[in-house]
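For reference, positions follow the sequence shown, starting with 1.
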Amino acid sequence: MTEQDLDPTTGARAGRSAADLDAGAIAAPVTAATDTALIGDIEEALKDVVDPELGVNIVDLGLVYDMSVERTDAGTNATIDMTLTSAACPLTDMIEDQVSAALTGGPDGGLVNDFAINWVWLPPWDVSRITDDGREQMRALGFNI
């Protein structure tokens, strides 16, 4: 993460607003075969990021809306558009730390050099976004879904 990724007033990661997303500010789609494979690897790594309140990973909960990668001379950067089950979720920092560990950590340096999470609130998350695997995980934890 670079300083330009931080909101100057709060010091938090800067995300895109719903208006930005509606206006087409989403990164260009990934077309190279290697980048498509990397997107798959990133999605798989994000399955290690567990929502602390529900105990199910963020991918199977349907919290990840979009992903893109950009390769530069400085390395590979990922952008993840995601939401939370509630805009008032107090665990944003914990989820960002888990994403960091999943994507940039490890003995070989990780899948990407850096990442940014764009917190998206439209469309709002609802239970219809949960995958079949996520529903199975929730049932195993005692949720009636």
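For the atom pair CG of L46 and CG of L103, the computed distance is 5.0 Å after rounding to the nearest 0.5 Å.
Panel note: side chain W125, backbone L61; a donor-acceptor pair is recorded below 3.5 Å. When atom types are taken as modelled, the side chain of R129 and the backbone of L63 share no donor-acceptor pair closer than 3.5 angstrom. Side-chain atoms of R71 never come within 3.5 Å of backbone atoms of N77 as a donor-acceptor pair (strictly under, hydrogens ignored).
Taking all atoms of both residues into account, the shortest heavy-atom contact from T76 to V112 is O-CB, 3.4 Å. Closest of all the heavy-atom pairs between A45 and A102 is O-CB, 3.6 Å.
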As a quick check of understanding, evaluate side-chain contact (heavy atoms from CB on, under 4.5 Å) for Q137 and I130, giving each step before the final call. CA-CA 10 Å; Q137 292 170 47; I130 302 172; over 6 Å; no

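The side-chain hydrogen bond (donor to acceptor under 3.5 Å, both in side chains) test applied to T131 returns D60, not counting sequence neighbours. Evaluation of the side-chain hydrogen bond (donor to acceptor under 3.5 Å, both in side chains) rule for T104 yields S100 as partners, not counting sequence neighbours.
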Without placing hydrogens or testing angles, list every side-chain donor-acceptor pair under 3.5 Å for residues 47-55, not counting sequence neighbours.
unit_1, atom_1, unit_2, atom_2, d
D51, OD1, E53, N, 2.9
D51, OD1, L54, N, 2.9

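Cluster membership check: M94 does not share its hydrophobic cluster with M82, using side-chain heavy-atom separations under 4.5 Å among Ile, Leu, Val, Met, Phe, Trp and Tyr.
At a threshold of 4.5 Å between non-hydrogen side-chain atoms, the residues L84 and W121 count as touching.
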